[in-house]
Amino acid sequence: VAVVTALVSLYGKCGSVEEAWTLFDTSTTHDVILYNAMIAALSENGCTEDAVRLLHLLQMKGMVPDKMTFVSVLDACGGHEAIVEGKKVHVFITSLKIQSDSVVGNALLTMYAKCGALKEVQEVFDTFSTRDVTTWNAMVIVLEQSEELNKAVQHFESMQTEGLVPDKFTFASLFSVYGSKEALKEGIRMHARIVGSVFNEDVVVLNSLINMYGKCGSIADARNAFSKISNPDAVSWNALIVAFARCGRGEEALLLYQSRHGENAELDIVTLTTILSAFASESALAEGFLLHLCIVDIEWQLDISVGNALVYMYGKCGSLEDARHVFERMETHD
RNA sequence: CUAAGUGUUGUUUUA
């Protein structure tokens, strides 16, 4: 069973739900842990209904779901339509007296956040007896996503008042608050608070800072943050390229992009869509077009998100002809 | 001599 469970988990992480199911079905033993692994695999791949169904099956077979079961099921219920199921599970959890577990509580909170149920999020947070750093981090992100930037910063301060120590995730999320030229000073001030600490050497934190400075229009600070990274990862390079593009340094962005592209296909798409949107102003038409040539060259105009970004860019640049041209060349539209 | 499997938050993303 142990081996089967590990494999189910592995398949889940690779997106092979079918294979996971096969293993699950053909297993001779079915204990809670195997169920948990299967439920986790399902929720990771967006199979909400199956995940909930397995929870019920597990109970019908006389087994008792544990904390991990609920966390995975809650994870699966992260979507506007799944909130009904999520609430049922919530009630169930409350009746079992395990709502005080911090991991379960955090899963509850983020479930509601993904459902867009901000009121419930706040409720969970307020009635949560075992809030930890993860809880606060999640809350900061929720506030950011609902554009409550001041509240996000307030939360960051409050968590320290409550005696919790911010971690690198806290800072990485926090810096996303500062995303405009007007916010540069505030951003710098916040950055100053980690200067000299280990956070100012952490890739994740520094990546976030590159992004922040790029959005605030300070390419010098962005480069400086990049230079502090001992081992830049794909995200670091990506953030730097995008920072150049946002600061009106299209050529440098392009050059960097060309030297990097192909290293990580998924990130390449992110880079392109972001650069194109940054180029979506008339003055940048030339650079946008130049970039377009590179894309056509590598046959990436087929990708939907890149295509959409191209259409958007040409539209914004007032070149409807080109926008239409791209649109017609795309294989699929959404 | 010893063992094994499952879970929540995070940095780059266009509309």
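Proteins come first, then strands; the chains are lettered A, B, ... in the order of their sequence lines, and each starts at number 1.
- Base engagement by A/Thr134 is indicated by at least one non-hydrogen atom pair under 4.0 Å involving a base atom.
- Aromatic pair A/Trp136/A/Phe125: centroids less than 6.0 angstrom apart.
- Atom-to-atom, CG of A/Asp66 to C1' of B/U8 comes out at 14 Å; the value is rounded to the nearest Å.
- Under 4.0 angstrom from either OP1 or OP2 of B/G7 there lies at least one side-chain N or O belonging to A/Lys13.
- The listed nucleotides are B/U9, B/U6, B/U13; the one nearest the side chain of A/Ile141 is B/U9.
- Ring geometry, A/Phe24 versus A/Tyr35: the interplanar angle exceeds 60°, so the pair is classed perpendicular (tilted spans 30 to 60°).
- In this structure, the nucleotide among B/U11, B/G5, B/U12 sitting nearest to the side chain of A/Ala239 is B/U12.
- Residue A/Val1 is classed as a base contact, given a heavy-atom separation below 4.0 Å to a base.
- Phosphate contact (OP1/OP2 of B/U13, side-chain N/O of A/Asn211, threshold under 4.0 Å): present.
- Between the base of B/G5 and the side chain of A/Asp31 there is a donor-acceptor pair shorter than 3.5 Å.
- Of the options A/Asn106, A/Asp167, A/Asp132, a side chain to side chain donor-acceptor pair (under 3.5 Å) to A/Asn137 is made by A/Asp167 and by none of the others.
- In this structure, A/Glu123 does not pair ionically with A/Lys87, as no charged nitrogen and carboxylate oxygen lie closer than 4.0 Å.
- Not one side-chain nitrogen or oxygen of A/Arg260 sits closer than 4.0 Å to the OP1 or OP2 atom of B/U12.
- Minimum atom distance to the side chain of A/Lys215 is reached by B/U13, of the listed B/A4, B/G10, B/U13.
- If you check B/G10, B/U6, B/U14 against the side chain of A/Phe169, the one that comes closest is B/G10.
- Aromatic ring centroids of A/Phe70 and A/Phe92 lie under 6.0 Å apart.
- Of the candidate nucleotides B/U9, B/U12, B/G10, B/G10 has the atom lying nearest to any side-chain atom of A/Lys168.
- Rounded to whole Å, atom C1' of B/U11 lies 17 Å from atom NZ of A/Lys228.
- Rounded to whole angstrom, the span from the CG atom of A/Asn45 across to the P atom of B/U6 amounts to 17 Å.
- Side-chain proximity of A/Ile33 to the nucleotides B/G5, B/U13, B/G7 is greatest for B/G5.
- If you take CG of A/Asp167 and C1' of B/U11, they are 12 Å apart, rounded to a whole angstrom.
- Distance, A/Leu108 CG to B/U8 C1': 10 Å, rounded to whole Å.
- For the pair A/Arg131 and B/U8, the criterion of a side-chain N or O lying under 4.0 Å from OP1 or OP2 is not met.
- Between the P atom of B/G7 and the CE atom of A/Met38 lies a distance of 14 Å, rounded to the nearest Å.
- Atom pair A/Leu256:CG and B/U12:C1' shows a separation of 14 Å (rounding to whole Å applied).
- Distances were taken from every side-chain heavy atom of A/Val103 (C-beta onward) to each of B/U8, B/G10, B/U14; the shortest belongs to B/U8.
- Within 4.0 Å of A/Ala6, counting heavy atoms only, lie sugar-phosphate atoms of the nucleic acid but no base atom.
- A/Leu209 comes within contact range of no nucleotide atom at all, as no heavy-atom separation falls under 4.0 Å.
- Closest to the side chain of A/Thr273, out of B/G7, B/U14, B/G10, is B/U14.
- For A/His191 and A/Tyr178, the gap between ring centers reaches or exceeds 6.0 Å.
- Atoms CG (A/Asn106) and C1' (B/U8) sit 6 Å apart, rounded to a whole Å.
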